[in-house]
Amino acid sequence: MSTQYISWLSHRFQILGILFERLYKEINDFNPNIIITMGGLGLWALTNIDKIGSYRGALTYSNVGKLNRPYKIMPTYSPFAVLKNYSFR
């Protein structure tokens, strides 16, 4: 890999880290009863699970240490994924 690509990738991970910190703060401030994640990134950010198809529609719990408590998570496909692949509906 080129050093330019590694630098670009590192920058993207820093941005994701900042966005995740904001997400965790907003969740802790709002304190919802249940969180419906729309897409794989949201599911991964809150549970470290990357197989959305296996967990879609099932209730799971967050396991991120930066949240005040374990939150109930209901994963689902993103609307864009459903539009691309109609069989996901």
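Just so it is clear, the model here is predicted, and its values are computed rather than measured. The basis for the numbers below is simple: all heavy atoms, side chains too, and nothing from hydrogens, waters or symmetry mates. Index from 1, following the sequence.
Under the 4.5 Å side-chain criterion, counting only non-hydrogen atoms from C-beta, I15 is not in contact with F20. You'll find the side chain of F30 stays beyond 4.5 Å of the side chain of E26, heavy atoms only. Residues Y77 and I52 have side chains in contact (heavy-atom distance under 4.5 Å, counting atoms from C-beta outward). At a threshold of 4.5 Å between non-hydrogen side-chain atoms, the residues L67 and N28 count as touching.
The hydrophobic clustering, which links ILVMFWY residues whose side-chain heavy atoms are closer than 4.5 Å, places Y61 and V64 apart. W44 and M38 are not part of a single hydrophobic cluster, where members link through side-chain heavy atoms under 4.5 Å apart.
Atoms CE and CD1, from M74 and I35 in turn, are 12.0 Å apart once rounded to the nearest 0.5 Å. The distance from the CD atom of Q14 to the CG atom of L19 is 12.0 Å, given to the nearest 0.5 Å.
Contact between P75 and A58 at its shortest, heavy atoms only, is CD-O, 3.1 Å. Of all heavy-atom pairs between R56 and T76, the closest is CG-CA, 3.9 Å.
A salt bridge is absent between K25 and E21: the closest approach of a Lys/Arg side-chain nitrogen to an acidic carboxylate oxygen does not fall below 4.0 angstrom.
Residues meeting the salt bridge (charged side-chain N to carboxylate O under 4.0 Å, His left out) test with R69, sequence neighbours left out: none. Applying the side chain to side chain contact (heavy atoms under 4.5 Å, CB included) criterion to T47, with sequence neighbours excluded, gives L43, I49, T60, N63, I73.
Side chain of Y71 to backbone of L46: no donor-acceptor contact under 3.5 angstrom is found.
Within 6.0 Å of CD1 in I36 there are 12 or fewer heavy atoms belonging to other residues, nucleotides or ligands.
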